[in-house]
Number of protein chains: 2
Amino acid sequence: MAPEGRYHHGDLRRAVLAAAVEAIEERGLGLLSLRDVARRAGVSHTAPVHHFGDKAGMLTALATEGFDLLAQALDPGDGETIDLVDAGVIYVQFAVDHRAHFEVMFRPDLHHPDEPALAVARDRAGDLLTNAVVAATDTPPGQQTELASVAAWSLVHGFATLWLAGALPEQIGQDLQGSARSVAKLLFSVVHRSDT
Amino acid sequence: MAPEGRYHHGDLRRAVLAAAVEAIEERGLGLLSLRDVARRAGVSHTAPVHHFGDKAGMLTALATEGFDLLAQALDPGDGETIDLVDAGVIYVQFAVDHRAHFEVMFRPDLHHPDEPALAVARDRAGDLLTNAVVAATDTPPGQQTELASVAAWSLVHGFATLWLAGALPEQIGQDLQGSARSVAKLLFSVVHRSDT
DNA sequence: CGCTAATCTTACCATCGTTAAGATCAGATC
DNA sequence: GATCTGATCTTAACGATGGTAAGATTAGCG
């Protein structure tokens with residue numbers, strides 16, 4: 001990936017983010033070291049500074065990339081809205097497939113709080129989720145819809161988070177796909193009862 | 001709290017855990033420093049080693065204490081089972097009131113994986129949640145009940161986690177109590193629809 | 001009182017994140 | 001093609017961190 005022996009890497013920003021994902025998946029977010037990331041990318045430990053400023057900047061960029069990937073996975077394109085259950089399954093699948101991204105996305109204590117790109121990416125993904133709820137409820141957006149969206153998001157987010165934490169019983173983990181779909185089907189109950 | 005000027009602290013284990021909670025609430029789990037915790041407790045930076053072994057040991061103890069506190073909050077005593085909605089509200093309230101504990105509880109990458117006390121405390125809290133679901137569903141425990149429990153837990157856990165991450169809309173945060181109760185009421189839909 | 005184990009401190013080491021200074025290089029301009 | 005300029009990367013250094021080793025202090029118990 002990295003051109004060997006060259007002073008200028010060529011695409012260090014991307015390489016650093018990829019190395020960070022690799023490091024987080026191997027040793028966990030808590031043990032992430034910027035120097036280790038730089039080593040994996042084959043550059044000196046201060047090279048990432050120029051692209052990200054500091055460690056928090058790198059994690060902010062990683063979180064932004066994560067929200068972009070999630071939005072991309074949730075967006076069927078052509079201005080259409082995704083089915084609610086499908087959206088739920090995709091959300092869980094994303095958390096599992098992009099564990100490193102997902103963990104960083106919801107750790108604002110590790111971010112630069114005032115990074116506009118992060119807010120933009122997060123809002124885009126959030127809007128796609130809300131749209132799926134609105135389409136499923138078939139009622140005009142309002143305060144009830146907002147609560148329904150929050151509840152729906154909470155359900156799939158909680159499921160994904162608990163699975164990542166290894167807190168779910170073994171049976172669930174053995175058939176994660178099926179369990180995720182079963183849980184996602186409950187989104188209908190959550191969304192339709194939330195107006196009572 | 002700490003007896004001044006004494007060589008032996010007297011209750012350093014408790015003091016260190018309390019200092020860790022304080023430090024996490026102030027600066028976030030990601031920036032937690034063992035030396036800072038020791039400073040807050042008024043001891044040298046290696047004093048906690050004797051009680052916890054290392055940083056992961058301290059966080060494992062903190063997570064265990066968290067599960068114990070949660071179980072205590074969910075246990076009405078006298079062998080009775082708690083109401084499902086009440087349990088949901090209590091869960092969210094616990095996460096907010098004991099933010100530091102809660103965050104550590106679900107970060108197994110920061111724990112000693114084979115600590116028995118942690119597993120015991122976690123299972124006790126988990127059983128209390130499952131009991132509340134079983135009592136509400138009114139059906140014998142089985143695979144469906146397990147899925148219902150997971151879904152119910154996911155809903156409140158996701159809500160709490162998203163709130164802690166600052167990811168929920170402002171309206172929710174302004175009336176967290178009310179929103180938490182509204183979400184907890186949805187537990188009935190989740191639990192009763194999960195057998196279809 | 002005296003012994004022992006628990007508790008805590010000081011000294012030290014490798015590693016970490018960050019900053020400052022300088023080296024190297026890509027691309028634009030002439 | 002030569003030169004200049006800014007972007008990119010490295011080396012060097014600093015304070016802080018987590019962990020280990022050795023020793024000091026003291027509580028509990030005979």
Side-chain angles (χ1 to χ4, degrees), chain A residues 1-20 22-24 26-63 104 107-113 115, chain B residues 1-20 22-24 26-63 104 107-113 115:
Chain A
M1 175 175 293
E4 299 290 335
R6 303 210 315 173
Y7 195 99
H8 281 32
H9 181 283
D11 199 3
L12 183 58
R13 184 187 166 88
R14 192 180 308 269
V16 164
L17 292 179
E22 188 180 284
I24 292 172
E26 272 184 28
R27 325 203 323 187
L29 178 54
L31 302 177
L32 180 68
S33 150
L34 197 53
R35 288 173 110 107
D36 180 52
V37 169
R39 270 190 296 267
R40 290 170 188 263
V43 293
S44 80
H45 70 279
T46 56
V49 170
H50 183 262
H51 295 272
F52 302 105
D54 56 5
K55 187 179 182 182
M58 186 191 74
L59 293 176
T60 303
L62 198 60
V104 175
R107 289 292 305 278
D109 57 322
L110 303 179
H111 300 161
H112 281 160
E115 175 66 43
Chain B
M1 178 174 293
E4 298 292 337
R6 303 212 313 172
Y7 195 99
H8 280 32
H9 181 282
D11 199 2
L12 184 57
R13 183 186 165 89
R14 192 181 308 270
V16 164
L17 292 178
E22 188 181 283
I24 293 172
E26 272 184 29
R27 326 202 326 187
L29 178 55
L31 302 177
L32 180 67
S33 148
L34 198 52
R35 287 174 109 106
D36 180 51
V37 170
R39 271 192 296 267
R40 290 170 189 262
V43 293
S44 79
H45 72 280
T46 55
V49 170
H50 183 262
H51 294 273
F52 303 105
D54 56 4
K55 188 179 182 181
M58 185 190 74
L59 293 176
T60 304
L62 197 61
V104 175
R107 290 292 306 280
D109 56 322
L110 303 178
H111 300 161
H112 281 161
E115 175 65 41

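Both backbone and side-chain heavy atoms feed into the values below; hydrogens, waters and symmetry mates do not. Chain naming here is simple, since letters A, B, ... match the order of the sequence lines and numbering starts at 1 in each. Here the structure is a predicted model, which means the values were calculated and not measured.
Using a 4.5 Å heavy-atom cutoff, the side chains of B:Asp109 and A:Leu31 are not in contact. The shortest distance between side-chain heavy atoms of A:Leu62 and A:Phe52 does not fall below 4.5 Å.
Distance A:Phe52 CZ to C:dT18 P: 13 Å, rounded to the nearest Å. Here C:dT15 presents its P atom at 11 Å from CZ of A:Arg27, a figure rounded to the nearest Å. Distance CG (B:Leu34) to C1' (D:dT20): 14 Å, rounded to an integer number of Å. Rounded to an integer number of Å, the gap from A:Asp11 CG to D:dT8 P is 11 Å.
Residue B:His50 places at least one side-chain N or O closer than 4.0 Å to OP1 or OP2 of C:dT7. Between B:Arg39 and D:dA16 there is no side-chain N or O to OP1 or OP2 distance below 4.0 Å.
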Protein-nucleotides 11-15 of chain D N/O pairs under 3.5 Å:
from   : atom 1 : to      : atom 2 : distance (Å)
D:dT11 : O4     : A:Thr46 : OG1    : 3.0

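Rounding to the nearest 0.5 angstrom, the gap separating the CD atom in A:Glu22 from the CZ atom in A:Arg27 is 11.5 Å.
The side chain to side chain contact (heavy atoms under 4.5 Å, CB included) search around B:Leu110 returns B:Leu29, B:Leu59, B:Arg107, not counting sequence neighbours.
The minimum heavy-atom distance linking A:Leu17 with A:Met58 is given by the pair CD2-O, 3.9 Å. Shortest non-hydrogen contact noted between B:Ala41 and B:Ala19 is N-CB, 4.2 Å. Between B:Leu32 and B:Ala20, the shortest heavy-atom contact is CD1-O, 4.2 Å.
Heavy-atom distances to DNA chain C give each of A:Gly53 and B:His51 a nearest nucleotide, and the one nearer the 5′ end belongs to B:His51. Judged by closest nucleotide on DNA chain C, B:Ala47 is the one of A:Asp36 and B:Ala47 placed further toward the 5' end.
Counting only residues at least two apart or in different chains, side chain to side chain donor-acceptor pair (under 3.5 Å) contacts with residues 29-38 of chain A comprise A:Arg35-A:His45, A:Asp36-A:Arg40. Counting only residues at least two apart or on different chains, the side chain to side chain donor-acceptor pair (under 3.5 Å) pairs with a member in residues 48-60 of chain B are B:Asp54-B:His112.
Counting non-hydrogen atoms under 4.0 angstrom, B:Leu32 reaches the backbone sugars and phosphates but no base.
Within residues 54-63 of chain A, the residues that place at least one heavy atom under 4.0 Å from DNA chain C are, in residue-number order, A:Asp54, A:Lys55.
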